[in-house]
Structure formats: structure tokens, C-alpha cells
Amino acid sequence: MYDHQSLILGAVLVAAAIASAQSTPALKDAYRNDFYIGVAINAAQITGQDQRGDALIESQFDSISPDNALKWEKVHPQPDKYDFRLADQYVAFGEEHHMFIVGHNLVWHEQVPAWVFHDAQGNLLGRDALLARLRDHIYTVVGRYKGRIQSWDVVNEALNDDGTLRQSLWFKIIGEDYIEKAFQYAHEADPGAQLTYNDYNLENPAKRKGAVALVKKLQAEEIPIDAVGIQAHLRLDSPTPEQEDAAISALEALGVKVAITELDIDVLPSVGYGPTADVSLHVRQDPKLNPYVKGLPDSVQQQLADRYAAFFRVFLKHRGALSRVTFWGVTDAQSWLNNWPVAGRTSYPLLFDRNGQPKPAFQAILGVASER
Ligand code: XIL
């Protein structure tokens, strides 16, 4: 009798779980014929410690990016020491769930250890020595995941806001062809991988002009570049959807794929530096900059939803050129915007709230998919 009852109870519970999973529509299904819906995942999610986050990642998304796991300082902390423990788990996670796996990133001026640019005596390296290090790093990292990581952000944030090349140590020591070299090495290490140039503020016409010129230069030199990533760290008040539309149009006209790579929409007060995603920016804490500690007012929640819908209408318009739309995090609790550019703020830029529940923005994006 007991056994019979528990069998029935078990069956009812399983049915309820399946029904609830089936009744929660998935973003990846709504946009299946358009582009991948990606998400940046963190160490707790990669290692299975964040089970609620993992359930959302597995049910809603069909592409992943690592928020930090593949950055130089993580995989290559010392000259002769690579550490692939977390990165291996990241790639295995994506394979287990049949996802489009992104590698982020190979060359950046941030989260790269100081030793990379110096010799054992502490002097700056010369061009050839730094190129040798760059090649070793790219061959080792890209080579390890050959055929398993489908798309690499080869160079991240090489441009200034005025469209000129950033005076990073990569640029200063090697010269402007460090970009060409990085793409060449990545192509040699995995000829099948999609190779991407990734940056923020490409909605700004001056910076976009710089990106267009850069892509054209690489194309003229027959350097293998397949895609441009628009980070899309947006705010409630800027840029406009029309500016996003113009940015995607200008890049797609070059014949490359376009990816939205780090989407979030910041609802917190601006710190007054204009639009930026410069991770080196640090602004002092101030309660005026952190107004929603107790919760987000409905009016702002609605503004956020409307804005996500407006941007997804733009993305859909470009569905032929867009390979993916990746959110920079699963829930608001996980967002980097809780700690940048001001530490310890309560931010609300993503689709799932701090309890992992879908926000009105989630429903709004689903709604856009069914407007067709
Ligand atoms: C951020 C991560 O999300 C944070 O955890 C880390 O502390 C700093 O970097 N542009 C990028 C991403 O290309 O790599 C950055 O990620 C966010 C801005």
C-alpha cells in the first residue's frame, strides 16, 4: 500500500516538474531560428555550486561565455604556468549541454599579469620577445580547445572612444600590428574557430568609424577576421535603439558577422563619465548613486522591460547578420554592475532577479519574438 502510494506520489511530482519546465517558455526556443541566446557564466556556475543559476543557464540559453575563466590572468598566471582547471570545466559544461561555446578573451589590456610585458629584471620587453609570448599563449590556449570552442574574442577593446588605437602596452611594445598577429596566431591554432574583434561603445559614431577602419585594414591584409562583437553595456537613457541599429548596419556592411556579446542595461545613476565599460574606472561609494537597495520601483522595472524589447526589435531586424545575443550574467545578483564602477551597489541590469525569477524584461523579450 505504502509503496503504491509513493509510486503515485513520485509520478505526480515528476509530472509537475515536467509541466512546470514545459510551461516556462525558453528564450533560446523563441529565438532558435534567429541567433543564439548566450549568457556569461561565473565560477560558481561552471563548477555546479550555483544550482539555481545552472538550471536557468541550461533551460534558457544555448551559448555560454566565461565571465573571467579564460582571461590571461586566470589561465596563464605565471610565465611557465598555465592553469586550465576552471577553463576545462567551462568547456565541458558547454559540451554537456550542446551549447555554442565562446572563448573570452585572448588579448586585452586588463586582467593580464604585469610579467607578460617585462623580462626577469623588470625591464619592458622588446617587440620580438612580446610577440613570442603572445604566440605561445594563443597557441597553447586556443590549441587546447581546438574544435571545442567555437568562437574566440581574439582582441578586446583595442580602440579609444575617438576611434584611435588605445595606447596599451601591446600597442606600445609591438606596434599596431599586434592585432593582425593575434588573429593570425589564433587562426593557425584553430583554423575552424570563428575569430572576433570585441569592443564597447561601438554605438558611438567616432569609435565605430575606428572599428570599421580596423576591420577593413585586416580584410585588406587578408587577416582572418570573421566577426565583430558589440559588447552592448547599455544604460536606460543611452544609446538609442536607432544608434544600435546604425552600429550593426555599419559592421554588417563589411561582410563580417556581428555578435552582441555582453548585453546588460544599467538602471543606476550615471557616475558622470559618459557611456563607458572601462573596467579600470573606480568611483567612490555614495548613497545617491545606490538608490534601489530595497527594490526596483515598478516604473523603472517597466522602463527596463520596454528598453529590452526595443533593442530586441533591432536585433531581430538584423537576424541574418547576428550570430548571437549574449547577456553578461544570469541574475541581477551576479552582475558585474554591482561592483563597477562603484563597489557595493544593488543593480538590476539582467532578466532574472536575485531569486532567479524572470523579470518583466524577460516576458518583454519573449513577447518581441512572437510579434512576428
Ligand atoms: C568583467 C567581469 O564580469 C568581472 O567579473 C571582472 O571583475 C571584470 O571584468 N568588458 C569585458 C568583460 O570585456 O571581460 C568585463 O567583464 C566587463 C567589461
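We count ligands from 1, going down the list as the structure has it; atoms in each ligand are counted the same way.
Annotation: cation-pi pair Arg354/Tyr348 present, NZ/CZ under 6.0 Å from the ring centroid and within 45° of its normal.
The atoms of ligand 1 that sit less than 4.0 Å from any heavy atom of Glu157 are 10 (N), 11 (C), 13 (O). Numbered from 1 in the order shown, with element, the atoms of ligand 1 that lie under 4.0 Å from a heavy atom of Trp108 read 14 (O). Here is the list of ligand 1 atoms found below 4.0 Å of a heavy atom in Gln111: 8 (C), 9 (O). Less than 4.0 angstrom separates some heavy atom of His104 from each of these atoms of ligand 1: 11 (C), 12 (C), 13 (O), 14 (O).
Under the 30°/60° scheme for interplanar angles, the aromatic rings of Trp72 and Trp115 are found to stand perpendicular. The aromatic rings of Phe327 and Phe312 lie parallel to each other, their planes meeting at an angle below 30°, with 60° marking the opposite boundary. The aromatic rings of Trp328 and His233 stand perpendicular to each other, their planes meeting at an angle above 60°, with 30° marking the opposite boundary.
Counting non-hydrogen atoms of neighbouring residues, nucleotides and ligands closer than 6.0 angstrom, the CG atom of Asp298 reaches no more than 12 such neighbours.
With a heavy-atom cut-off of 4.0 Å, Asn156 touches ligand 1 through its side chain alone.
Taking the six-membered ring for Trp, Phe117 and Trp170 have ring centres closer than 6.0 Å.
The protein non-hydrogen atom at the shortest distance from atom 13 (O) of ligand 1 is Glu262 OE2, 2.8 Å. Scanning the protein for heavy atoms near atom 3 (O) of ligand 1, the closest one is Trp328 NE1, 2.9 Å. The protein atom (non-hydrogen) at minimum distance from atom 15 (C) of ligand 1 is Lys71 NZ, 3.8 Å. What sits closest to atom 6 (C) of ligand 1 on the protein, heavy atoms only, is Asn68 OD1, 3.5 Å.
Atom CG of residue Asp266 and atom CG of residue Leu350 lie 10.0 Å apart, to the nearest 0.5 angstrom.
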